[in-house]
Amino acid sequence: MNKYSQSIALICLGVASQAVMAESDIASQFKTFGNITLANDYRFRGISQTDNEMSVQGGLTLAHQSGFYVNLWASNVDLFEGNSIEMDYFLGYQWQINEKSTLDFQYIDVNYPGTEGIKPDFTEYALLYQKNSTFKDGDFFSLGANYSPDFALQTGDEIYLNIAASYPIYNNINIISTLGYTKVKGEDEFLMLFGEPNKDHYLDYKVGLTTEISGIKAELSWIDTSIDTNQKMVKDKFYVSLSKSF
């Protein structure tokens with residue numbers, strides 16, 4: 001091998017080494033994590049999506065160190081003819097305000113594949129503020145706002161506001177609570193979606209306990225809404241779930 005060949009070989013080795021290092025550096029900028037949940041119901045803003053039956057849910061997130069992330073999430077549902085699953089994806093950016101607070105900007109796409117004759121799919125834009133350890137290590141507080149320009153079943157504008165909190169009361173036992181407010185375009189749309197006439201908004205609320213044992217999170221909560229109909233999907237219920245993060 002002459003000196004020119006040796007030089008070229010060394011250059012190629014150097015470029016290849018740099019490429020491997022660059023790939024390694026790029027890979028180190030990302031992290032993945034997920035979760036799986038088994039519950040006695042799937043409640044979305046207080047409304048059962050599984051006809052008050054069992055649900056299996058799972059999510060996977062790919063996050064970049066810059067704060068951008070992509071999340072895929074799915075659950076079984078019992079809502080529409082020809083459909084048995086909900087599949088969503090989130091595109092988001094999380095701004096780290098300080099060591100205790102974050103602000104998330106999200107685009108959410110909610111899909112019900114296989115549904116026949118109607119269009120339940122919709123998109124939302126969300127802003128979510130979260131803070132932890134405000135009064136005590138391990139406490140949590142969040143405040144969120146969601147907007148959909150064309151909500152489920154093409155019912156037009158929808159706004160959802162939510163406040164949630166968690167507070168440790170003994171060892172790894174936490175008391176949790178949420179309060180949500182949903183406002184849809186009008187009374188006709190509200191009747192179509194939730195079955196109650198002469199109304200265009202409702203409240204949902206939850207209070208309960210969570211704990212974690214051997215990496216498995218358990219929740220026992222009571223969930224209800226202010227919707228006044230005979231439909232069991234909006235009636236109060238004790239919610240039980242087990243979830244595992246990985």
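Values below: all heavy atoms of this structure, side chains included; hydrogens, waters and symmetry mates excluded. Treat the numbers as computed from the prediction; the structure is a model and nothing was measured.
Residues F140 and N174 fail the side-chain proximity criterion, which asks for heavy atoms closer than 4.5 Å. Under the 4.5 Å side-chain criterion, counting only non-hydrogen atoms from C-beta, Y69 is in contact with D104. Residues Y202 and Y181 fail the side-chain proximity criterion, which asks for heavy atoms closer than 4.5 Å. Side-chain contact between P113 and N83 is present, with heavy atoms from C-beta onward closer than 4.5 Å. Side-chain contact check for I159 versus T182: every heavy-atom pair is 4.5 Å or farther apart. I36 is not listed as a side-chain neighbour of S243, based on a closest heavy-atom distance of 4.5 Å or more. Side-chain contact between E53 and D78 is absent, with no heavy-atom pair separated by less than 4.5 Å. Residues V184 and T155 are not in side-chain contact: their nearest non-hydrogen atoms beyond the backbone lie 4.5 Å or more apart.
Ion pairing of D200 with K185 is absent here, as no side-chain N (NZ or NE/NH1/NH2) approaches a carboxylate O to less than 4.0 Å. Checked for salt-bridge contact, E219 and K206 meet the test: a charged N lies under 4.0 Å from a carboxylate O. Between E124 and R45 a salt bridge is recorded (basic side-chain N to carboxylate O distance below 4.0 Å).
The number of heavy-atom neighbours closer than 6.0 Å to NZ of K235, taken from other residues, nucleotides and ligands shown, is above 12. Applying the 6.0 Å contact sphere to CD of Q96 captures more than 12 heavy atoms from other residues, nucleotides or ligands. Shown here is Q65, whose CD atom has more than 12 heavy atoms of other residues, nucleotides or ligands within 6.0 Å. Within 6.0 Å of the NZ atom in K237, the count of heavy atoms belonging to other residues, nucleotides or ligands exceeds 12. Annotation for K199: atom NZ counts as buried by contact number, over 12 foreign heavy atoms lying within 6.0 Å. In F238, the CZ atom is not crowded: 12 or fewer heavy atoms of neighbouring residues, nucleotides or ligands sit closer than 6.0 Å. Residue K31 qualifies as open at atom NZ: its count of foreign heavy atoms under 6.0 Å is 12 or below.
Cluster membership for I108 and L72, using ILVMFWY side-chain heavy atoms within less than 4.5 angstrom, is not shared. Both L62 and I26 sit in one connected hydrophobic cluster of ILVMFWY residues. Membership requires side-chain heavy atoms under 4.5 Å apart, directly or through other members. One hydrophobic cluster holds both L153 and F194 under the rule that ILVMFWY side chains link at heavy-atom gaps under 4.5 Å. Linking Ile, Leu, Val, Met, Phe, Trp and Tyr whenever their side-chain heavy atoms come within less than 4.5 Å puts Y147 and L143 in one cluster. At a threshold of 4.5 Å between side-chain heavy atoms, the hydrophobic network of Ile, Leu, Val, Met, Phe, Trp and Tyr places L79 and V234 in one connected group.
In this structure, F33 has its ring center at least 6.0 angstrom away from the ring center of F246. Separation of the W95 and F68 ring centroids does not fall under the 6.0 Å cut-off. Residues Y125 and Y107 place their aromatic rings such that the two centres sit under 6.0 Å apart.
Between K217 atom NZ and K244 atom NZ the span is 13.5 Å, to the nearest 0.5 Å. Taking CG of N198 as the start and CG of D228 as the end, the distance is 11.5 Å to the nearest 0.5 Å. In this structure, Y239 OH and I223 CD1 are separated by 6.5 Å, a value rounded to the nearest 0.5 Å. Here the CZ atom belonging to F80 is positioned 9.0 Å from the CD atom belonging to E86, to the nearest 0.5 angstrom. Atom CZ of R43 and atom CE of M233 lie 8.5 Å apart (nearest 0.5 Å). One distance of note links OG of S55 with CG of L38; it measures 7.0 Å at 0.5 Å rounding.
For the pair S133 and G138, the tightest heavy-atom approach, listed with the atom from each and the gap, is OG-N, 3.3 Å. Here the closest heavy-atom approach between residue I176 and residue S221 is recorded as CD1-OG, 3.6 Å. Taking all atoms of both residues into account, the shortest heavy-atom contact from S226 to E196 is O-OE1, 4.3 Å. The shortest heavy-atom contact between Q130 and S142 is CG-CB, 4.0 Å. Of all non-hydrogen atoms in S148 and T123, the two that sit nearest each other are OG-O, 2.8 Å. Scanning both residues, D139 and Y167, for their nearest heavy atoms gives CB-CD1, 3.7 Å.
Ring geometry for Y129 versus F141: interplanar angle over 60°, hence perpendicular rather than tilted (30 to 60°).
With hydrogens and angles left out, the side-chain atoms of S245 and N35 include no donor and acceptor closer than 3.5 Å. Using modelled atom types, one finds a donor on one side chain and an acceptor on the other under 3.5 Å when comparing D204 with Y160. For the residue pair N172/E212, the side-chain donor-acceptor check at 3.5 Å is not satisfied. D109 and N111 share a donor-acceptor pair across their side chains, judged by distance under 3.5 Å alone.
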Exercise for review: May I have the step-by-step check of side-chain contact (heavy atoms from CB on, under 4.5 Å) for T32 and T61, ending in yes or no?
Suggested key: CA-CA 6 Å; T32 58; T61 300; over 6 Å; no
**Study point:** L60 vs N71, side-chain contact (heavy atoms from CB on, under 4.5 Å): CA-CA, chis, key distance, verdict
**Key:** CA-CA 6 Å; L60 184 64; N71 174 262; 5.8 Å; no
Exercise for review: Any chance you could lay out the side-chain contact (heavy atoms from CB on, under 4.5 Å) test for I47 and T225, step after step, and finish with the verdict?
Suggested key: CA-CA 8 Å; I47 311 296; T225 74; 4.2 Å; yes
Practice item. List the steps and the verdict of side-chain contact (heavy atoms from CB on, under 4.5 Å) for N76 and I85. Key: CA-CA 4 Å; N76 64 298; I85 188 170; 5.9 Å; no
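Side-chain N or O atoms of S48 include one that pairs as donor or acceptor with a backbone N or O of N52 at under 3.5 Å. In this structure a side-chain-to-backbone donor-acceptor pair under 3.5 Å is present from N98 to K100. The main-chain N or O of A126 is never found under 3.5 Å from a side-chain atom of N146 such that the two would form a donor-acceptor pair.
Partner of W73 under the ring-ring contact (aromatic ring centres under 6.0 Å, His included) criterion, out of Y42, Y89, F90: Y42 alone.
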